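The structure presented is a predicted model; accordingly, all values stated were derived computationally and were not measured.
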Amino acid sequence: MEEKMMYIDPHVHMTSRTTDDYEAMAAAGVVAIIEPSFWLGQARTQVGSFQDYFSSLVGWERFRAKQFGIQHYCTIGLNSKEANNEALAEQVMELLPLYLHKENVVAIGEIGYDDQTPAEDKYFRMQLDMAKELDMVVQVHTPHRDKKAGTIKSMEVCLEHGLDPSNVIIDHNNEETVKEVLDRGFWSAFTIYPKTKMGNERMVAVVKKYGSKNIIVDSSADWGVSDPLAVPKTASLMLKRGIDRKDVIRTCYQNALDAFGKNGKMKASDWLNDGGIDQRDLYQDNSVLRGQEPRIDTDKIV
């Protein structure tokens with residue numbers, strides 16, 4: 001009998017998801033997630049809202065995930081959409097160094113281009129310089145409009161700033177961009193959405209054509225129509241379509257660990273030897289429970 005597969009979702013916005021999603025993900029085999037900082041559906045108007053949001057990613061959300069058996073990591077950065085408010089962006093740039101050294105922060109991200117404006121370019125470059133100085137991995141958001149040109153530009157700017165492509169995850173890829181990204185030695189990540197971006201049938205076709213080297217599957221599940229189970233569902237479909245199990249493991253687990261685990265903050269022992277769940281635990285006197293009996297894994301009872 002084959003061992004149950006484990007999955008990592010390296011791009012999922014759990015701040016906007018429910019505890020039911022955490023439970024379903026854990027039941028499906030998701031052992032770790034990475035939550036990139038991103039915009040909230042409407043623009044923030046003051047730096048304090050960024051500060052509270054970043055604090056939740058390194059604090060409460062990490063605790064909440066652990067209460068349902070999932071290790072939580074994050075990436076911190078000024079997202080491209082909000083880089084266009086330059087007065088606020090300047091304040092956020094001063095805030096970033098306070099968070100980049102936190103123990104579950106595995107990269108600077110998600111950063112890059114949205115409308116490919118001069119302001120987006122300015123703050124993208126500033127954050128790439130920061131990543132180079134701190135020897136950090138970078139998670140790049142590629143634009144949804146004029147994607148191929150924006151993806152190529154993103155990679156060229158990373159190379160201009162002297163970043164090693166093996167330290168850069170280019171996300172939101174599709175069939176139009178994948179070859180350019182792989183040929184240049186970057187990590188090529190794909191967000192699997194139910195109706196837009198990459199569907200899981202298309203993802204299967206990409207892996208059949210290009211193999212599993214440097215390819216990463218994620219869900220990018222957020223406050224919109226999206227699926228936090230996209231990674232295990234895509235893995236299941238890959239197996240059904242005849243893709244070798246080792247290639248499924250690479251694209252849905254190992255490549256994400258290799259790409260984001262370079263600074264040692266994210267490692268397999270975090271979930272293999274975590275001691276289990278104890279929902280009696282509190283975070284700043286707060287519990288995830290609302291009157292339910294706490295789940296307590298037997299190996300944590302003392």
Side-chain angles (χ1 to χ4, degrees), residues 8-17 22 30-40 44 46-80 82-83 88-112 123-124 126-141 163 167-169 171 187 189 218 220 222 256-275 281-286 288:
I8 295 172
D9 189 338
H11 187 148
V12 57
H13 301 289
M14 293 307 294
T15 296
S16 56
R17 309 300 304 194
Y22 272 128
V30 176
V31 294
I33 61 169
I34 298 170
E35 180 162 0
S37 51
F38 80 141
W39 80 301
L40 299 181
R44 297 175 180 88
Q46 52 190 317
V47 71
S49 61
F50 278 93
Q51 185 168 10
D52 289 340
Y53 173 55
F54 294 158
S55 294
S56 74
L57 294 182
V58 300
W60 168 254
E61 203 58 43
R62 184 183 183 200
F63 167 80
R64 190 167 76 108
K66 181 66 169 61
Q67 290 288 278
F68 297 96
I70 294 177
Q71 294 291 331
H72 181 285
Y73 308 89
C74 65
T75 70
I76 296 289
L78 171 64
N79 72 82
S80 54
E82 291 177 298
L88 185 55
E90 289 294 334
Q91 297 177 68
V92 176
M93 291 301 298
E94 294 180 8
L95 191 63
L96 293 181
L98 301 179
Y99 290 92
L100 295 177
H101 296 291
K102 298 292 186 180
E103 59 184 324
N104 69 324
V105 178
V106 294
I108 293 179
E110 54 181 306
I111 62 174
Y123 293 104
F124 181 37
M126 288 175 68
Q127 290 178 95
L128 292 179
D129 285 338
M130 195 175 292
K132 186 176 181 182
E133 179 183 348
L134 298 175
D135 191 26
M136 290 188 71
V137 170
V138 174
Q139 183 182 43
V140 174
H141 167 94
L163 270 70
N167 288 334
V168 180
I169 296 94
D171 215 333
W187 293 97
D218 61 54
S220 192
D222 56 17
L257 179 57
D258 292 345
F260 287 99
K262 293 189 174 185
N263 61 8
K265 293 181 181 180
M266 179 182 183
K267 49 194 180 298
S269 59
D270 293 347
W271 49 88
L272 295 177
N273 306 315
D274 73 340
D281 292 341
L282 301 176
Y283 179 80
Q284 296 181 356
D285 295 326
N286 293 316
V288 297

Looking only at non-hydrogen atoms, find the nearest pair between Asn263 and Met266 and report the distance. OD1-N, 4.3 Å
Arg64 to Tyr22, cation-pi by 6.0 Å centre distance and 45° axis angle: no
4.5 Å side-chain heavy-atom contact, Tyr73 and Asp270: yes
Residues Asp218, Val12; criterion side chain to side chain contact (heavy atoms under 4.5 Å, CB included); working and verdict: CA-CA 7 Å; Asp218 61 54; Val12 57; over 6 Å; no
Side chain to side chain, Trp60 and Val288, heavy atoms closer than 4.5 Å: yes
Residue pair Phe54 / Gly77: nearest heavy atoms and the distance that separates them: CZ-O, 3.7 Å
In Å, rounded to the nearest 0.5 Å, how long is the span from CG of Leu100 to CD1 of Ile108? 5.0 Å
Taking Pro36's backbone N and O only, do any of them form a donor-acceptor pair with His13's side chain (distance below 3.5 Å, no angle check)? yes
Leu134 and His101: CA distance, side-chain angles, deciding distance, side chain to side chain contact (heavy atoms under 4.5 Å, CB included) verdict: CA-CA 9 Å; Leu134 298 175; His101 296 291; 3.9 Å; yes
Return the minimal non-hydrogen interatomic distance between Pro97 and Glu94, and the atom names on each side. CD-O, 3.4 Å
Are the charged groups of Asp129 and Lys132 less than 4.0 angstrom apart, N to O? no
Shortest non-hydrogen pair, Asp274 vs Trp271, comes out as OD1-O, 3.7 Å
Reference residue His11; test side-chain hydrogen bond (donor to acceptor under 3.5 Å, both in side chains); the match among Glu35, Glu110, His141: Glu110
One should read off an interatomic distance between Lys267 NZ and Leu272 CG, to the nearest 0.5 angstrom, of 11.5 Å
Please examine the side chains of Thr75 and Val137, heavy atoms only from C-beta on, and report whether any two atoms are closer than 4.5 Å. no
Should we say atom NZ of Lys265 is surrounded by more than 12 heavy atoms from elsewhere, each under 6.0 Å from it? yes
To the nearest 0.5 Å, atom NZ of Lys262 lies from atom CG of Asn167 at 4.0 Å
Answer yes or no: does atom CG of Asp135 have more than 12 heavy-atom neighbours from other residues, nucleotides or ligands under 6.0 Å? no
What distance do Arg17 atom CZ and Glu61 atom CD have between them, rounded to the nearest 0.5 Å? 12.0 Å
Rounded distance (nearest 0.5 Å) linking atom CE of Met14 with atom CD1 of Ile33: 5.5 Å
Would a 4.5 Å heavy-atom cut-off, applied to side chains only, mark Met136 and Val105 as touching? yes
Indicate the atoms forming the closest heavy-atom contact of Cys74 with Val58, along with that distance. SG-CG1, 4.0 Å
From Glu90 CD over to Leu88 CG, what is the distance, rounded to the nearest 0.5 angstrom? 10.0 Å
Note, Glu82 side chain near Phe50 side chain (heavy atom, < 4.5 Å): yes
Contact check, side chains of Phe260 and Ile8, non-hydrogen atoms, under 4.5 Å: no
Side chains of Ser80 and Tyr123, donor plus acceptor under 3.5 Å: no
Here the pair of heavy atoms bringing Gly59 nearest to Tyr283 is CA-OH, 3.3 Å
Please examine the side chains of Ile111 and Leu78, heavy atoms only from C-beta on, and report whether any two atoms are closer than 4.5 Å. no
Does a side-chain heavy-atom distance below 4.5 Å link Trp39 with Tyr53? no
